[in-house]
Amino acid sequence: MAYCKIRHAFTPFPFYLLLATLLFAPFCAIEASRPPFACNPGNGLTRSLKFCRASLPIHVRVRDLIGRLTLQEKIRLLVNNAAAVPRLGIQGYEWWSEALHGVSNVGPGVKFGGAFAGATSFPQVITTAASFNESLWEQIGQVVSDEARAMYNGGVAGLTYWSPNVNIFRDPRWGRGQETPGEDPVLAAKYAASYVKGLQGNAAENRLKVAACCKHYTAYDLDNWNGVDRYHFNARVSRQDLEDTYDVPFKACVVEGKVASVMCSYNQVNGKPTCADPDLLKKTIRGEWHLNGYIVSDCDSVGVLYDNQHYTALPEEAAAETIKAGLDLDCGPFLAVHTERAVSRGLLSEVDVNNALANTITVQMRLGMFDGEPSAHPFGNLGPKDVCTLEHQQLALEAARQGIVLLQNRGSSLPLSTRRHRTVAVIGPNSDVTVTMIGNYAGVACGFTTPLQGIGRYVRTIHQAGCSGVACTQNGQFGAAEAAAQQADATVLVMGLDQSIEAEFRDRVGLLLPGYQQELVSRVARASKGPTVLVLMSGGPIDVSFAKKDPRISAILWAGYPGQAGGAAIADVLFGTTNPGGRLPMTWYPQDYLAKVPMTNMGMRADPLRGYPGRTYRFYKGPVVFPFGHGLSYTKFSLKLAHAPKDVSVPFASLRSSTNSTNFSHGVKVQHTKCNILSLSVHLDVKNRGNMDGTHSLLVFSTPPSGKWSTHKQLVAFEKVHVAAGSEQRIKVDIHVCKHLTVVDKFGIRRIPMGEHKLQIGDVEHLITVDANLEENS
Ligand SMILES: *[C@@H]1O[C@H](CO)[C@@H](O)[C@H](O)[C@H]1NC(C)=O
Ligand SMILES: *[C@@H]1O[C@H](CO)[C@@H](O)[C@H](O)[C@H]1NC(C)=O
Ligand SMILES: *[C@@H]1O[C@H](CO)[C@@H](O)[C@H](O)[C@H]1NC(C)=O
């Protein structure tokens with residue numbers, strides 16, 4: 001019914017509106033849509049202002065607009081709920097919307113209801129990361145931004161989304177680890193760039209579908225631990241760890257993802273609040289990475305650095321310091337209140353304010369917000385029919401399937417068979433949950449399939465919660481759970497965590513299953529007649545050593561927070577209609593690891609003299625419950641190296657710089673090489689030796705030459721491949737030499753160590769000798 005698509009934006013002719021309503025109301029519901037943000041063609045006073053002329057270059061329009069604003073008007077545009085400028089025909093705008101894994105209602109910019117009752121709720125990011133599938137991440141971004149644009153057109157959402165969260169999941173206790181793509185910088189970097197590309201669209205160079213934001217810059221990954229909270233935490237970070245770990249995803253987000261925004265964090269880094277640090281904002285993000293976009297504070301973090309950290313004596317000093325450091329927008333009221341005084345006292349010049357506004361307004365122009373009618377925009381015709389579509393919901397299911405990790409499968413007890421396992425006992429506090437599956441920074445889902453419902457699509461179920469919540473403070477219902485397991489042909493326990501255990505402002509205190517959960521699992525496994533499968537929902541890792549060792553527990557799956565269709569995906573994996581291929585994006589440490597690592601210690605590298613074991617698989621060598629990258633399949637893959645170079649020569653950019661760099665024991669500084677072209681390809685044959693089709697993730701790790709470099713391995717590339725049962729595929733993996741075959745020295749300088757680098761892909765090992773190419777310069 002094409003003629004039903006009357007979407008009346010506000011027009012200045014109420015009569016028209018009335019007529020349209022009268023004419024069409026009996027036949028179809030009229031979608032209300034938002035009035036133009038600015039440059040309303042119906043507004044004769046403003047429509048021909050220079051900044052409204054879409055044909056002019058954006059920087060010309062931005063300059064024109066800023067030139068028309070008074071200082072007071074400018075200052076009220078420095079905050080998330082930017083004020084209207086009625087005399088110029090500009091509406092107010094709420095900058096704060098979120099879309100971490102679906103359009104979210106965490107920010108005030110999004111309101112569900114009316115024609116937009118829900119939006120597709122994808123798995124939490126930690127789960128999606130486990131798919132190691134870049135095209136999936138980008139595709140999710142595309143769907144989320146379709147829905148975001150539709151909701152914007154409908155007047156219920158913004159266009160500026162403060163997602164993704166790409167902080168490194170440094171400590172397993174972090175309550176927000178679930179929001180991130182995990183502990184590895186290369187994985188997080190690729191996730192950041194892919195998701196941002198999906199959200200922002202790959203349209204014309206300077207156009208944005210929606211504006212994404214990588215947060216929280218930088219070294220922010222502590223919420224509230226042992227009396228230290230993020231508002232007061234001073235993260236002491238070495239230059240080496242900053243360059244080597246914490247900054248990696250942010251750099252990729254800006255440089256490769258071309259993100260339109262970066263958010264600075266609450267915490268301090270080395271004694272300075274990040275939002276007031278010109279080295280981090282102006283010098284690094286804007287100067288070195290060339291951000292084309294705006295820098296926003298975390299919500300009220302400018303207030304926090306004044307009120308909680310007492311970083312400046314006066315509030316106007318805080319306003320001046322943050323803006324001069326490179327902050328363009330304040331999430332919170334602080335800058336609207338205190339900036340005028342900063343200018344009048346001479347702490348800040350109006351030019352600094354203009355520069356900040358130029359960055360925010362440029363993004364709004366790139367979004368088309370100054371182009372008049374939203375319906376004229378390339379995405380202007382997206383509406384309610386484009387939200388929660390079958391296709392979108394199918395992608396949410398697919399993402400969950402790809403993210404589920406098979407941790408253990410004793411004697412190939414999985415998949416279950418609908419023939420042999422006609423009745424399944426479904427037990428546990430997470431066995432019939434809905435919102436638990438979408439984790440935090442979620443929205444209102446289109447609908448849910450719980451694990452119980454998902455399993456119920458395959459077989460008859462007997463359900464027992466076992467305990468009333470994940471805290472599992474009582475064991476009174478355990479007898480009923482055991483009885484259910486006794487009657488069934490197989491038992492599935494869905495256990496784990498939820499936002500009461502790990503969340504924003506809530507770091508975990510331990511890594512074990514909470515309360516009596518462990519006892520429930522063990523008792524049910526003992527009572528169970530058939531195989532017992534443990535399914536874990538959580539963002540962070542869980543020490544399930546007890547279950548790993550228990551011969552009665554046949555299999556263990558990790559589902560993360562699998563999103564709105566999570567229960568269907570879990571069931572598909574349990575019954576083998578999906579062959580699991582997810583891999584852990586973080587190390588699963590044993591509980592006793594925690595005692596050796598205060599959460600406040602930001603050091604990545606081990607310090608054996610002090611008994612500090614180091615963090616993540618790159619530096620920690622101790623025992624693990626399950627390692628980073630772990631994940632099994634129902635089929636068996638074998639890998640063979642087809643071909644790969646045995647050596648690679650790094651060309652120097654100039655003889656001058658090379659002379660001093662030829663002391664190879666220091667490695668060659670990346671900045672002295674002509675590195676943009678230097679990548680090498682490794683070709684591998686992946687054979688599926690089993691009798692079930694499956695996907696295999698090739699994770700390529702490298703170890704630098706031995707020497708004074710800390711001999712760790714690090715992920716340098718990954719590639720996912722689908723291989724049919726019995727067949728073989730050749731896969732090419734590209735490794736960027738100067739990005740990945742590098743180490744970072746203690747001054748934060750990235751170097752390429754000369755000598756033998758060891759590549760490791762599954763059980764394949766290959767040595768590549770890297771040397772310096774001096775002839776190039778003769
Ligand atoms: C080598 O390094 C020294 C000290 O860092 C510097 O003074 C000198 O100019 C450098 N030589 C060349 C050829 O770059
Ligand atoms: C190269 O570096 C090593 C280690 O720092 C040092 O001992 C050696 O003297 C240096 N050689 C030259 C030629 O500068
Ligand atoms: C990656 O995800 C996309 C999107 O769901 C899917 O089409 C593709 O098959 C996946 N790749 C592999 C190797 O599974």
Side-chain angles (χ1 to χ4, degrees), residues 101-102 120-147 164 181-182 186-187 190-199 201-202 388-406 446 449 557 559-560 562-566 568-570 572-573 576-585 629 631-639 682-690 692-700 715 717-734 761-762:
H101 52 109
T120 309
S121 208
F122 288 90
Q124 183 56 289
V125 176
I126 193 78
T127 308
T128 307
S131 73
F132 281 82
N133 182 345
E134 286 177 77
S135 56
L136 174 67
W137 302 332
E138 185 166 344
Q139 215 178 328
I140 292 174
Q142 283 161 5
V143 165
V144 172
S145 54
D146 271 355
E147 299 196 351
V186 168
L187 171 61
K190 294 213 170 162
Y191 176 83
S194 308
Y195 188 62
V196 166
K197 279 185 204 159
L199 281 180
N202 279 322
C388 287
T389 65
L390 268 177
E391 229 185 337
H392 294 181
Q393 298 198 56
Q394 189 62 29
L395 188 64
L397 171 60
E398 178 58 24
R401 287 172 176 154
Q402 291 192 32
I404 291 172
V405 182
L406 179 61
C446 316
T449 308
L557 285 180
Q564 62 171 46
I570 289 169
D572 290 345
V573 170
T577 45
T578 292
N579 188 351
R583 302 296 194 99
L584 289 180
L632 307 173
S633 168
Y634 294 152
T635 189
K636 181 134 186 57
F637 293 102
S638 66
L639 273 187
V682 176
H683 300 254
L684 294 138
D685 291 327
V686 185
K687 189 169 171 71
N688 183 342
R689 297 188 171 282
M692 195 187 241
D693 300 353
T695 52
H696 186 65
S697 285
L698 292 161
L699 307 190
V700 183
L715 185 70
F718 55 87
E719 202 64 55
K720 192 172 189 152
V721 55
H722 185 83
V723 190
S727 72
E728 184 175 84
Q729 282 207 33
R730 180 156 297 182
I731 298 303
K732 173 167 152 290
V733 188
D734 291 322
I761 311 115

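Not measured: the values here are computed from a predicted model. By convention here, the first residue in the shown sequence is residue 1. Start at 1 and go down the list; that is how both ligands and their atoms are numbered.
Across every non-hydrogen atom of Pro585 and Leu187, the tightest pair is CB-CD2, 3.7 Å. Here the closest heavy-atom approach between residue Thr128 and residue Trp137 is recorded as O-NE1, 2.9 Å. His722 approaches Thr695 most closely through the heavy-atom pair ND1-CG2, 3.2 Å.
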Considering only N or O atoms, set out every pair between ligand 3 and the protein closer than 3.5 Å, with distances to one decimal place.
| unit_1 | atom_1 | unit_2 | atom_2 | d |
| --- | --- | --- | --- | --- |
| ligand 3 | 2 (O) | Asn133 | ND2 | 2.3 |
| ligand 3 | 2 (O) | Gln402 | NE2 | 3.2 |
| ligand 3 | 5 (O) | Gln402 | NE2 | 3.3 |
| ligand 3 | 11 (N) | Asn133 | ND2 | 3.0 |

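Of the charged side-chain nitrogens involved, none lies within less than 4.0 Å of a carboxylate oxygen, so that Lys687 and Asp685 do not count as a salt-bridged pair.
Using the six-membered ring where Trp is involved, Phe132 and Phe718 have ring planes that are perpendicular, over 60° apart on the 30 and 60° scheme.
In this structure, CG in Asp572 is found 12.0 Å from CG in Asn579, a value given to the nearest 0.5 Å.
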